[in-house]
Amino acid sequence: MTIRLLLADDHPVVRAGLRAVLDTEADFAVVAEAATAERAVELAAGEPVDVVLMDLQFGPGMHGSEATALITARPGAPRVLVLTTYDTDADILAAVEAGASGYLLKDAPPEELAAAVRTAAAGQSALAPAVALRLMDRMRTPAEALTKRELEVLQLVADGLSNQQISKRLFLSQATVKSHLVHVYAKLGVESRTAAVAAAATRRLIRTP
């Protein structure tokens, strides 16, 4: 059986490289490409696709996790395998919660990528070893791990947003945003926004600009 693939990445060179690697597999067929997350959602709904290889960052447009959630929400939807350079807790949790069947880093060797595609197509979980380890570490120390919402708030702090801007972005009250930050400070053992961002970046919990 041929596994039909959709490549979703905003860099043409990356898509060309992926196509070159995937075309060497006899049971793979790249049937569509998307340069934006919005286009990936459209193609996943209209083309005969089995697996979407989804990047996370698409510039100013829709995020890859948002696209993943829209794609996987449809009955009979294709599987989504996230293929990104980011291995932070914030990105991993967002993708998994959105319904991604797998999470792989772009520096994965071709054989690992091919195996992940086949695993995702079969309806099973395909996680890069480093990603699986991070998730296991979170499970071992749940009291110390930042929640998905706390990571979202802290990521927006790192992006330079104020509490008021964060509250509007996440549809939360400013009091709730402050409460999340208090919990973040306690878990990270810090006392300021700057220190929280620095500590989280060092632990690869969030991305920094």
Check side-chain contact (heavy atoms from CB on, under 4.5 Å) between Arg4 and all other residues, then give those that pass, not counting sequence neighbours.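 If we apply the side-chain contact (heavy atoms from CB on, under 4.5 Å) test to Arg4, skipping adjacent residues, the hits are Val31, Pro48, Asp50.
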
What residues form a side-chain contact (heavy atoms from CB on, under 4.5 Å) with Asp137, not counting sequence neighbours?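 side-chain contact (heavy atoms from CB on, under 4.5 Å) list for Asp137, sorted by chain: Leu133, Arg140.
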
Can you give me every donor-acceptor pair (side chain of residues 114-122, partner residue at least two apart or in another chain, under 3.5 Å) with its distance?
| residue | atom | partner | partner atom | Å |
| --- | --- | --- | --- | --- |
| Arg118 | NE | Asp27 | OD2 | 2.9 |
| Arg118 | NH2 | Glu25 | OE1 | 2.7 |
| Arg118 | NH2 | Asp27 | OD1 | 2.9 |
| Thr119 | OG1 | Ala115 | O | 2.8 |

Please list all pairs meeting salt bridge (Lys or Arg N to Asp or Glu O under 4.0 Å) that have one or both residues in residues 175-202, counting only residues at least two apart or in different chains.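 Of all non-adjacent pairs touching residues 175-202, those that pass salt bridge (Lys or Arg N to Asp or Glu O under 4.0 Å) are Glu150-Lys187.
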
Scan for salt bridge (Lys or Arg N to Asp or Glu O under 4.0 Å) pairs involving residues 165-176, sequence neighbours excluded, and state none if there are none.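 Matches after skipping sequence neighbours: none remain.
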
Rounded distance [0.5 Å steps], [atom1] in [X] versus [atom2] in [Y]:
X      : Y      : atom1 : atom2 : value
Ile92  : Arg138 : CD1   : CZ    : 9.0 Å
Leu104 : Leu53  : CG    : CG    : 8.5 Å
Leu6   : Glu42  : CG    : CD    : 11.0 Å
Leu205 : Leu151 : CG    : CG    : 6.0 Å
Gln155 : Leu146 : CD    : CG    : 11.5 Å
Tyr103 : Leu135 : OH    : CG    : 9.5 Å

Within the structure provided, determine whether Met54 and Ile71 are in side-chain contact (heavy-atom separation under 4.5 Å).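 Yes. Closest side-chain heavy atoms under 4.5 Å.
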
With a 4.5 Å cut-off on side-chain heavy atoms, are Leu22 and Leu7 touching?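 Answer yes - side chains close enough.
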
How close do [X] and [Y] get, heavy atom to heavy atom, and via which atoms?
X      : Y      : result
Pro78  : Val52  : CG-CG2, 4.0 Å
Val184 : Ala196 : CG1-CB, 4.3 Å
Ala44  : Arg74  : O-NH2, 2.8 Å
Leu154 : Ala200 : CD2-CB, 3.4 Å
Thr68  : Gly99  : CG2-C, 4.1 Å
Thr72  : Ala98  : OG1-O, 2.9 Å

Please lay out, stage by stage, how Arg203 and Leu188 fare under the test side-chain contact (heavy atoms from CB on, under 4.5 Å). CA-CA 10 Å; Arg203 302 182 194 181; Leu188 296 180; 3.4 Å; yes

Taking Ala175's backbone N and O only, do any of them form a donor-acceptor pair with Ser179's side chain (distance below 3.5 Å, no angle check)?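 Checking the backbone N and O of Ala175 against the side chain of Ser179, no donor-acceptor pair under 3.5 Å is found.
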
Who are the side-chain hydrogen bond (donor to acceptor under 3.5 Å, both in side chains) partners of Gln124, not counting sequence neighbours?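 side-chain hydrogen bond (donor to acceptor under 3.5 Å, both in side chains) list for Gln124, sorted by chain: empty.
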
List for me each residue that meets side-chain hydrogen bond (donor to acceptor under 3.5 Å, both in side chains) alongside Thr176, sequence neighbours excluded, and say none if there are none.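 Testing Thr176 for side-chain hydrogen bond (donor to acceptor under 3.5 Å, both in side chains), a comparison that skips the adjacent residues, returns Ser173.
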
Transitively linked via ILVMFWY side-chain contacts under 4.5 Å: [X] with [Y]?
X      : Y      : answer
Leu105 : Leu18  : no
Val14  : Tyr86  : no
Leu83  : Leu70  : no
Val51  : Phe28  : yes
Ile166 : Tyr185 : yes

Identify each donor-acceptor pair in which a side-chain atom of residues 58-66 lies under 3.5 Å from a protein atom, sequence neighbours left out, and give them as a table.
| residue | atom | partner | partner atom | Å |
| --- | --- | --- | --- | --- |
| His63 | ND1 | Ser65 | N | 3.0 |
| His63 | NE2 | Leu56 | O | 3.4 |
| Glu66 | OE2 | His63 | N | 3.2 |

For side-chain contact (heavy atoms from CB on, under 4.5 Å), just list the numbers for Arg134 and Asp89, CA-CA rounded to whole Å, side-chain angles, deciding distance to a tenth of an Å, and then say yes or no. CA-CA 7 Å; Arg134 292 191 71 80; Asp89 284 21; 2.7 Å; yes

Mind checking what makes salt bridge (charged side-chain N to carboxylate O under 4.0 Å, His left out) contact with [X], not counting sequence neighbours?
X      : answer
Arg204 : Asp87
Asp23  : none
Asp10  : none
Lys106 : Asp9, Asp55

Residue of the set Asp159, Thr85, Asp91 for which side-chain hydrogen bond (donor to acceptor under 3.5 Å, both in side chains) holds with Arg207: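 The side-chain hydrogen bond (donor to acceptor under 3.5 Å, both in side chains) with Arg207 is passed solely by Asp91 among Asp159, Thr85, Asp91.
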
